[in-house]
Amino acid sequence: MPSLAVIGHPVAHTRSPAMQTAALAELGLAGEWTYGALEIEPESFEVEVAELAAAGDYAGVNVTLPHKEAALALADEASEAARAIGAANTLTFSDGRIAADNTDAGGVLRSLPVGMLGIGAGDSAGGGDGGTAERRALVLGAGGAARAAIWALARGGEGAPGEDGPTLVPTFQVDVWNRTPERAEAVAAELGGRAVHDPVAADYPLIVNTTSVGLHGEDPFELLPLTAADFHPDQVVFDIVYGPDPSALLAAAERAGATTVDGLEMLVQQGALSLQIWTGKAPSLEAMRTGARRST
Ligand code: ATR
């Protein structure tokens with residue numbers, strides 16, 4: 001019976017086991033597969049993961065803070081996304097070997113609303129650079145979540161399934177703002193974005209907050225280059241980090257008529273891609289949303 005788990009430190013409050021267990025049940029795999037949580041300290045991460053991979057009962061693991069860079073470093077092979085982003089959130093064990101992937105990048109694209117931002121059926125969304133100038137995204141932050149978002153948006157790729165099948169997210173011109181500007185300069189240069197110091201948030205059809213601002217009650221309008229008046233109905237506002245409370249940023253965006261995407265959707269989308277890597281099956285996103293919401 002293959003086991004799966006999320007590894008973190010701390011891991012007590014993770015919603016992944018409830019979410020993935022709901023997905024496995026909906027796929028009819030609940031009797032064969034299990035998904036749990038493993039608390040592992042950074043000092044023992046490499047040794048313990050090597051033991052899991054060698055023992056053979058685990059098919060793979062999700063990896064969360066603070067282990068994502070270490071997960072990439074210990075893998076025998078890695079996907080292009082994991083290598084470019086410099087971090088892995090998904091490890092797959094097979095014959096004692098460890099393969100690393102980063103489903104946060106695909107999760108970002110699949111979280112975006114189909115029918116907006118030029119996201120549509122694969123053959124009509126257009127490739128190349130047509131229209132990139134109008135498709136601007138503002139990414140706030142320069143940490144691990146920002147790296148995945150910048151890389152994914154600058155490249156485009158597969159979005160959420162639409163009514164007519166797979167959709168294509170076109171490439172964006174990605175502007176990166178960060179509290180510490182040097183970090184914005186560095187990640188933008190590395191991943192295909194452009195650092196900005198004084199962005200006019202109203203000008204962006206897509207705003208992605210990857211900072212931890214708001215998780216502990218901080219005021220996003222004090223700490224981020226935004227005012228509530230920047231939001232408008234032609235905008236998508238995406239708060240990538242999920243917290244226990246609804247985010248003040250998204251509440252303000254919603255009041256202004258913007259389309260909002262929360263961190264729970266991001267959690268579901270990256271988790272669905274991981275589960276598909278391990279089981280080869282596309283899980284029910286609705287079952288995962290319900291499972292994740294219930295696990296408070
Ligand atoms: P993660 O890997 O989860 O993205 P991280 O690397 O710790 O986490 O990055 C956290 C992000 O939130 C950073 O962009 C950080 O800005 P700095 O690079 O200047 O540290 C941002 N952040 C955290 N607290 C912040 C605050 N009070 N105001 C503005 N930005 C903040």
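Side chains included, hydrogens not; waters and symmetry mates left out as well; all remaining heavy atoms used. Both ligands and their constituent atoms are indexed starting at 1 by order of listing. Start at 1 with the first residue, then count along the sequence.
- Using cut-offs of 30° and 60° on the angle between ring planes, the pair H67 and F45 is parallel.
- Salt bridge absent: R83 and E77 never bring a charged side-chain N and a carboxylate O closer than 4.0 Å.
- Within a 4.0 Å radius of atom 6 (O) of ligand 1, the protein contributes one or more non-hydrogen atoms.
- Shown here for P205 and L117, the closest heavy-atom pair between the two residues is O-CD2, 3.6 Å.
- Between V169 and G159, the shortest heavy-atom contact is CG2-CA, 3.7 Å.
- The protein heavy atom nearest to atom 3 (O) of ligand 1 is L65 CD1, 4.2 Å.
- Under the side-chain contact (heavy atoms from CB on, under 4.5 Å) rule, S274 has a single partner from T90, T279, N102, which is T90.
- Among all protein heavy atoms, the one lying closest to atom 21 (C) of ligand 1 is T211 CB, 3.7 Å.
- Using a cut-off of 4.0 Å between Lys/Arg side-chain N and Asp/Glu carboxylate O, R147 and E190 are scored as salt-bridged.
- Looking at A145 next to ligand 1, an N or O pair under 3.5 Å apart turns up.
- Looking at T180 against ligand 1, both its backbone and its side chain come within 4.0 Å, counting heavy atoms.
- The closest non-hydrogen atom to atom 13 (C) of ligand 1, taken over R183, E69, R179, E182, comes from R183.
- Taking both residues in full, the closest heavy atoms of I85 and A148 are given as CD1-CA, 3.7 Å, listed atom of the first, atom of the second, then distance.
- Short contacts between ligand 1 and A142, defined as distances under 4.0 Å to a heavy atom of the residue, involve ligand atoms 14 (O).
- Among the atoms of V213, none of the N or O lies under 3.5 angstrom from an N or O of ligand 1.
- For ligand 1, the atoms lying closer than 4.0 Å to a non-hydrogen atom of G141 are 14 (O).
- For atom 16 (O) of ligand 1, the closest non-hydrogen atom on the protein side is N178 OD1, 3.3 Å.
- Using a non-hydrogen distance threshold of 4.0 Å, E218 does not register as a contact of ligand 1.
- Atom CD of E254 sits in a sparse spot, with 12 or fewer heavy atoms from other residues, nucleotides or ligands closer than 6.0 Å.
- The environment of Q276 atom CD is dense: over 12 non-hydrogen atoms of other residues, nucleotides or ligands sit within 6.0 angstrom.
- Distance from atom 9 (O) of ligand 1 to its nearest protein heavy atom, with residue and atom name: G143 CA, 3.7 Å.
- Among protein heavy atoms, atom 1 (P) of ligand 1 sits closest to G144 N, 3.5 Å.
- Here the protein heavy atom with the shortest distance to atom 23 (C) of ligand 1 is S212 OG, 3.2 Å.
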